[in-house]
Undergrad: 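Got a structure here, written out as structure tokens. Questions coming.
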Amino acid sequence: MLDVNAIEKRWQQYWEKNKIYRFDPKSKKKIFSIDTPPPYASAGHLHVGHALSYTQFEIIARVMRILGREVYFPPGFDDNGLPTEKYVEEKLKIDKSKIDRAKFRKLCLEESKKIEKLYAEKVFKRLGHSYDWDLLYTTISPEAQKIAQIVFLRLIKSKHCYRKEEPVIWCPHHETALAQAEVEDLKRKTKLNYVSFDIENKTKNKKDKTKNKIKIATSRPELLSSCVAIFVNPQDKRYKHLIGKKAIVPLFNYKVPIKQDEKVDPEFGTGIVMICTFGDTGDIELWKKYNLPLKISINKKGKLNNNAGKYQGLTLKEAKEKILEDLKKEKKLIKQEEIEQTVGSCWRCSTPIEFIVTKQWFIKTLSFKKQLIAQGRKIKWYPGFYRARYEDWVRNLGWDWCISRQRYYGTPIPVWYCDKCNQVILPTEKELPLDPIEHEKICPKCKKKAVPDTDVFDTWMTSSNTPEIASQWLKNPQLYKKISPMSIRPQSHDIIRTWAFYTILKSYLLFKKIPWKEVTINTFVLDPKGRGMSKSRGNAIWADDLIEKYGVDAFRYWVGSASLGSDIPFKEQELVAGKKFLTKIWNASRFVFMHLKNYKLRKPKKLEAIDSWILYKLSDTLENVKTFYEKYNIAEARKKAEIFFWHDFADNYLEIIKDRIYNGTPRGKKSAKYTLYICLLSILKMMAPITPFITEEIYQKYFKKSEKDKSIHISTWPKIDIKINKKIEKSGNLFIKILAKVRKEKAKAQKSLKAEIILTIDKKTQKELKPFINDLIAVTKAKEIKTGKFSIKFL
RNA sequence: GGGCCUGUGGUCUAGUGGUAUGACGUCACCCUUACAAGGUGAAGGUCGCUGGUUCGAUCCCAGUCAGGCCCACCA
């Protein structure tokens, strides 16, 4: 019987031991290189979505290999980010802020190595992934850090990277700057507070006291002490008289100017807005435009500072409550209304972001929008519409890319600053990789010890170099030259704005070229009801269990049904179908080799008609499957291969030749044997990328003796040595139709398919079916064939 | 508010200017010397809705509804 587990183990070991998937740089074949997404190796269960997307491009790797490319497929791990930090802290029960950076990084390196090894075994190898493990890379490795730092230095040199004091997006929880791409929407309910401001130089008209006050609606009263101006819309007749006057900020009692700008929406709130430094991006915009003063009230921890007077030290939340309370006391809070609000928040901790002015490093993006869009158009996207998403993102960019992070762990920013003259001191490329904390630098001008930068890079700063890291840009420039630009970048759509974008950006700024020729966007798995899977929803499905239950090949068979870039609801039924397929191909192979014991492949001089017919079909199928595979349409390729195997080959062909293979003439047997051998081997090769274990098992068990390749997975795509005879093809199809008709009649009569009959068919059909007449008699159990209108009679 | 994607028998899906593919499920029959985890058949769809182009549209165009995703706004 078919023991899937034993098969999986056996061949995984065999592949590894014999380095079946090793990349040969000397090969003359065309190279197909993959910019693998390096996963973060987690200790937990394997999510089906993750298992699917990684297996999806792994199938592509196998497809390209069997279609004759030299495949460059390096495995990688992303261990350069926050998750690693957190994992190590939790596992070793340490606090990273209380231990020095070098030591902490060493621990991270050690721990990630361990967990990655486990992950490689448990996930990649288990799923039958065909990486070349000699090419393994990790993003925390010295090599990857060196690349990130060199790129940084070169971008400074080319003036694409700069340091500036600017309002930046800030996460008060993580206490670090963030990039625009790290901000996510957070919908929440909040109160819009209507606050009364007094106007300076009150009119003496006692009848119209209302003119002495204005109402401002704000959702952020805690920033009152940062208010630097008040704006109204110039078209707004209600407030024309206010422009140029000054208002007094309640509780803090200082004056701010009232100005006008088109950006103010007269419909929102009261139509009057206060500008604080900084409540949102709109504040920043007007602050810049009108050169307003800077009055920061928030510190890096998200607490109020001394600008906030007596509210100093309070958290934003506490301050909001206290200030509202005080406003109420002074009768300055007129009303409150609940509104639905969307605020930017940190993608990791969902803390609403703030804007803080700090010195940070940036890489230019805004001045290259046009070029970046042009680069995106040189790349082929699968599916094509995802290019639009990339372009949308580029067009809407509002900030240069802030690459410095105030974190403990990551690739250090290799610079020093002179306290005295403010000069930035850079290392030479030869010194890299380095952590400036561990090195002393003297300011060349002041001869004073310079201060090391303690920040690290945004993790995307390293990840966006995967094409360089994976293809050994520094270590092996010749190899890099051969491989770059890489063939494909497989990735998910949610990181188009980060991983894809930053990689394209870097490649452009550094080399003025595209990093890869194609991007494939993987399928996204939903739960059976079509909702996204997540731990919090409790509807996550783990691949481990499924593999245990159905086997890897069955799982991969399901992966093979997914089309790039679309969503797929998970249905366990699909795995049942996969398992059925495995059983079927196993049994079919057993049957074939019952009759091919000690068979040596030799093409007979003349093939029986039905043998030719199935070989035509096969040849056609191979062509179709290849075409779909080349377009990464795995699902359609699988379907075509399967229809051939299941219906043409197993249901029809095998049934038709059974009689001949058991009772036929030696010549007839030879013809059948040849055909069986070619068909089965081709079927295995067509399916090998999707179900690598079962196909290898059958190949090794039956075909290895007579085939030269060490593994089916490094064999060549079949070529059918046959000239297509249209007439035979056509009458073969007719034969199958007649056969179906006979079967239908038998089913209708509730008779066994073995039931013997007298078959009546018309003269013309008889004539056309002449080459197949013996087969027809055998397969339909016709004891006699009469001439006339189609009918069957049971004996 | 802008952009993108999707909408096909109970479920999932292919597809094309000429009323539709396959799988799962359902039903009937057949234990056929590889396979009952099989085979042979059957039933089941006005291809989201409304208009238009066309001799003819599921496929092209416009609008509309529903679902999903991305982005912007968010005082």
Side-chain angles (χ1 to χ4, degrees), chain A residues 1-2 180 185-188 190 192-193 195 216-221 223 227 230-231 263-265 268-276 279-283 286 339-344 383-398 493-494 496-497 524 526 528 530-532 561-563 565-574 576-595 633 635-636 638-640 642-643 646-647 650-651 654-655 658-659 661-662 739-740 742-755 779 781:
Chain A
M1 234 357 259
L2 180 58
Q180 188 180 351
D185 280 358
L186 177 73
K187 269 203 175 127
R188 63 174 187 187
T190 192
L192 189 60
N193 308 284
V195 180
I216 295 179
T218 174
S219 64
R220 306 216 49 189
L223 291 180
C227 179
I230 284 168
F231 278 84
K263 252 213 105 193
V264 180
D265 177 3
F268 191 92
T270 60
I272 308 178
V273 52
M274 67 170 185
I275 297 301
C276 303
D280 60 37
T281 49
D283 288 347
L286 290 181
I339 54 162
E340 182 106 334
Q341 182 197 36
T342 315
V343 291
F385 63 81
Y386 275 108
R387 202 192 72 203
R389 183 169 296 189
Y390 165 80
E391 290 188 6
D392 271 2
W393 176 254
V394 175
R395 269 193 212 98
N396 289 321
L397 280 170
H493 64 75
D494 56 337
I496 288 175
R497 65 181 187 175
F524 189 75
L526 304 171
R531 300 168 307 180
S561 72
S563 51
S566 60
D567 299 346
I568 186 174
F570 176 78
K571 292 268 153 86
E572 195 160 333
Q573 271 305 321
E574 295 289 322
V576 176
K579 198 148 191 201
K580 280 187 184 174
F581 169 78
L582 300 183
T583 309
K584 186 79 182 174
I585 199 165
W586 178 249
N587 285 321
S589 303
R590 274 197 328 162
F591 171 76
V592 167
F593 277 90
M594 257 168 61
H595 301 287
N633 193 340
E636 213 46 36
R638 191 196 86 182
K639 201 192 256 176
K640 287 274 184 291
E642 214 179 352
I643 286 173
W646 208 298
H647 298 114
D651 293 345
L654 289 186
E655 291 305 323
K658 250 178 200 168
D659 182 68
I661 200 90
Y662 280 107
L739 174 58
V742 173
R743 283 168 170 171
K744 196 171 172 174
E745 290 304 318
K746 286 187 177 180
K748 219 191 238 169
Q750 307 202 341
K751 294 275 187 185
S752 158
L753 288 179
K754 239 169 58 178
V779 75
K781 306 281 175 207

Undergrad: Please name the nucleotide paired to B:rA66 by Watson-Crick or G-U wobble geometry with both distances under 3.5 Å, or report none.
TA: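 B:rU6 is the nucleotide pairing with B:rA66.
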Undergrad: Looking at A:T583 and A:K579, would you say the former's side chain and the latter's main chain have a donor-acceptor pair under 3.5 Å?
TA: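 Yes; at least one donor-acceptor contact below 3.5 Å.
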Undergrad: I want to check one thing: is the phosphate of B:rU40, taken as OP1 and OP2, less than 4.0 Å away from some side-chain N or O of A:H647?
TA: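 Checking A:H647 against B:rU40: no side-chain N or O falls below 4.0 Å of OP1 or OP2.
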Undergrad: Under 4.0 Å, heavy atoms only, any strand: does A:D651 hit a base, just the sugar-phosphate, or nothing?
TA: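 Answer is sugar-phosphate: A:D651 comes under 4.0 Å of backbone atoms only.
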Undergrad: Measuring only between side-chain heavy atoms, which start at C-beta, is A:K580 closer than 4.5 Å to A:K584?
TA: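 Result no, sub-4.5 Å side-chain heavy-atom pair not found.
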Undergrad: Can you tell me, in whole Å, how much space there is between the C1' of B:rA42 and that of B:rG56?
TA: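 Here B:rA42 and B:rG56 have their C1' atoms 31 Å from each other.
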Undergrad: From the set B:rG41, B:rG39, B:rC74, return the single nucleotide nearest to any side-chain atom of A:K584.
TA: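 From the listed options, B:rG39 comes nearest.
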Undergrad: Distances under 3.5 Å only, N/O to N/O: pair up the protein atoms with those of nucleotides 11-17 of chain B.
TA:
{"residue": "B:rU11", "atom": "O2'", "partner": "A:K571", "partner atom": "NZ", "Å": "2.7"}
{"residue": "B:rA14", "atom": "O4'", "partner": "A:K639", "partner atom": "NZ", "Å": "3.4"}
{"residue": "B:rA14", "atom": "O2'", "partner": "A:E636", "partner atom": "OE2", "Å": "3.4"}

Undergrad: So, are A:E655 and A:K658 salt-bridged, with charged N and O less than 4.0 Å apart?
TA: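 Looking at A:K658 together with A:E655, the answer is yes, because their closest N to O distance falls below 4.0 Å.
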Undergrad: Give none if B:rG1 has no partner; otherwise give the nucleotide forming a Watson-Crick or G-U wobble pair with it, both distances under 3.5 Å.
TA: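 Paired with B:rG1, as far as the under-3.5 Å criterion goes, is B:rC71.
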Undergrad: Does a side-chain heavy-atom distance below 4.5 Å link A:K748 with A:E745?
TA: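 With C-beta onward as the side chain, the pair touches.
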Undergrad: Taking only the C1' atom of each, what is the distance from B:rC29 to B:rG48 in whole angstrom?
TA: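 Here B:rC29 and B:rG48 have their C1' atoms 38 Å from each other.
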Undergrad: Answer yes or no: is there a side-chain heavy-atom contact under 4.5 Å between A:V394 and A:E391?
TA: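 They are not in contact (no side-chain heavy atoms under 4.5 Å apart), so the answer is no.
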Undergrad: Has the side chain of A:N193 got a donor or acceptor atom that lies under 3.5 Å from a matching backbone atom of A:T218?
TA: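 Yes; at least one donor-acceptor contact below 3.5 Å.
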Undergrad: Could you check which of B:rA37, B:rG39, B:rG41 has an atom nearest any side-chain atom of A:K744?
TA: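 Closest nucleotide to the A:K744 side chain: B:rG41.
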Undergrad: Distance between the P atoms of B:rG52 and B:rC74, in whole angstroms?
TA: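 Straight-line distance between the two P atoms is 43 Å.
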Undergrad: Please figure out whether A:K746 or A:R220 has its closest RNA chain B nucleotide nearer the 5' end.
TA: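 Going by which nucleotide is closer to the 5' end, it is A:K746.
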Undergrad: Using the P atom in both, what is the distance from B:rU64 to B:rA57, to the nearest Å?
TA: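 My reading of the P atoms in B:rU64 and B:rA57 gives 23 Å.
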Undergrad: Figure out the CZ/P separation between A:R590 and B:rC35, and round it to whole Å.
TA: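 About 6 Å, once rounded to whole Å.
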Undergrad: Do you know which two heavy atoms are closest between A:R743 and A:D651, and how far apart they sit?
TA: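 The answer is NH2-O, 3.3 Å.
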Undergrad: Atom CD in A:E636, atom NZ in A:K639: separation rounded to 0.5 Å?
TA: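 Rounded to the nearest 0.5 Å, the CD-NZ separation comes to 4.5 Å.
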Undergrad: How close do A:M274 and A:C227 get, heavy atom to heavy atom, and via which atoms?
TA: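 In this case the closest contact between A:M274 and A:C227 is CB-SG, 3.8 Å.
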Undergrad: Do any side-chain nitrogens or oxygens of A:W646 fall under 4.0 Å of OP1 or OP2 in B:rA23?
TA: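 No, no such contact exists.
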Undergrad: From the set B:rU32, B:rU40, B:rC35, return the single nucleotide nearest to any side-chain atom of A:E655.
TA: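 It is B:rC35.
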Undergrad: Identify each atom pair where a protein N or O and an N or O of nucleotides 58-60 of chain B are less than 3.5 Å apart, giving names and distance.
TA:
none

Undergrad: What's A:T281 touching, base or sugar-phosphate or nothing? Going by heavy atoms closer than 4.0 Å.
TA: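 Contact class for A:T281: sugar-phosphate only.
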Undergrad: Taking atom P in both B:rU54 and B:rA14, compute the distance separating them and give it to the nearest angstrom.
TA: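 Approximately 32 Å lies between the P atom of B:rU54 and that of B:rA14.
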Undergrad: Looking across every strand, which nucleic acid part, if any, lies under 4.0 Å from A:V264 by heavy atom: base, sugar-phosphate, or nothing?
TA: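 Base contact - A:V264 has a heavy atom under 4.0 Å of at least one base atom.
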Undergrad: Would you please classify the geometry between the A:Y386 ring and the A:H493 ring as parallel, tilted or perpendicular, with 30° and 60° separating the classes?
TA: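 Parallel, since the angle between the ring planes stays under 30°.
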Undergrad: Can you check whether A:S219 has a side-chain N or O nearer than 4.0 Å to OP1 or OP2 of B:rA75?
TA: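 Yes, such a contact exists.
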Undergrad: How long is the gap from CG on A:D392 to CZ on A:R387, to the nearest 0.5 Å?
TA: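 Separation between the atoms: 11.0 Å.
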Undergrad: Output the rounded distance in Å from CZ (A:F524) to P (B:rG67).
TA: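 It is 19 Å, rounded to the nearest whole Å.
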Undergrad: Nearest whole angstrom, please: distance from the P of B:rG41 to the NZ of A:K748.
TA: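 From A:K748 NZ to B:rG41 P: 12 Å.
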Undergrad: What integer distance in Å separates A:R188:CZ from B:rC74:C1'?
TA: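 For the pair A:R188 CZ and B:rC74 C1', the rounded distance is 11 Å.
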Undergrad: My understanding is that a pair needs two contacts under 3.5 Å, Watson-Crick or G-U wobble. By that rule, which nucleotide pairs with B:rG41?
TA: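 The base-pairing partner of B:rG41, which may sit in any strand shown, is B:rC27.
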Undergrad: Counting Watson-Crick and G-U wobble pairs only, both distances under 3.5 Å, name the nucleotide matched with B:rA36, or none.
TA: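 For B:rA36, the partner nucleotide comes out as none, under the 3.5 Å rule.
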Undergrad: Hey, are the side chains of A:Q341 and A:S219 touching, using non-hydrogen atoms and a 4.5 Å cut-off?
TA: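 When only atoms from C-beta onward are counted, A:S219 and A:Q341 do touch, with a gap below 4.5 Å.
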Undergrad: OP1 or OP2 of B:rU40 versus the side-chain N and O atoms of A:Q750: is any pair under 4.0 Å?
TA: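 For A:Q750, the contact criterion (side-chain N or O under 4.0 Å from OP1 or OP2 of B:rU40) is not met.
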Undergrad: Indicate, with a heavy-atom threshold strictly under 4.0 Å, whether A:Q180 touches base, sugar-phosphate, or nothing.
TA: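 Answer is sugar-phosphate: A:Q180 comes under 4.0 Å of backbone atoms only.
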Undergrad: Between B:rC30 and B:rG10, how far is it from one C1' atom to the other, in whole Å?
TA: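 Each nucleotide's C1' atom is 27 Å from the other's.
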Undergrad: In whole angstrom, give the distance that lies between atom CD1 of A:I275 and atom C1' of B:rA75.
TA: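 So the CD1-C1' distance, A:I275 to B:rA75, works out to 7 Å.
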Undergrad: Could I get a table of every N or O pair under 3.5 Å where one atom is in the protein and the other is in nucleotides 2-4 of chain B?
TA:
{"residue": "B:rG3", "atom": "O2'", "partner": "A:D392", "partner atom": "OD2", "Å": "3.4"}

Undergrad: NZ of A:K658 versus P of B:rU32: gap in Å, rounded?
TA: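 Answer to the nearest Å: 10 Å.
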Undergrad: B:rU33 and B:rU40: how far apart are their P atoms, nearest whole angstrom?
TA: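 Their P atoms lie roughly 15 Å apart.
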Undergrad: A:R531 CZ to B:rA66 P: how many Å, rounded?
TA: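 For the pair A:R531 CZ and B:rA66 P, the rounded distance is 21 Å.
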Undergrad: Between B:rA75, B:rC73, B:rU32, spot the one nearest the side chain of A:I216, thanks.
TA: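 Closest of the options to the side chain of A:I216: B:rA75.
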Undergrad: Consider the side chain of A:L192, meaning its heavy atoms from C-beta on, and name the nucleotide among B:rC73, B:rA75, B:rC24 that approaches it most closely.
TA: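 Comparing B:rC73, B:rA75, B:rC24 against the side chain of A:L192, the answer is B:rA75.
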Undergrad: Separation of A:Q341 atom CD from B:rA75 atom C1', in whole Å?
TA: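 From A:Q341 CD to B:rA75 C1': 10 Å.
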Undergrad: Grab the two heavy atoms, one from A:P383 and one from A:G565, that are nearest each other, plus how far apart they are.
TA: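 Shortest heavy-atom contact: CD-CA, 3.5 Å.
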Undergrad: I'd like the P distance from B:rC59 over to B:rC49, given in whole Å.
TA: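 Straight-line distance between the two P atoms is 10 Å.
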Undergrad: Contact class for A:A650 vs. all strands (heavy atom < 4.0 Å): base, sugar-phosphate, or nothing?
TA: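 Answer is base: heavy atoms of A:A650 come under 4.0 Å of a base.
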Undergrad: Is there side-chain contact between A:W393 and A:I496, with heavy atoms separated by less than 4.5 Å?
TA: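 When only atoms from C-beta onward are counted, A:I496 and A:W393 do not touch, as no gap falls below 4.5 Å.
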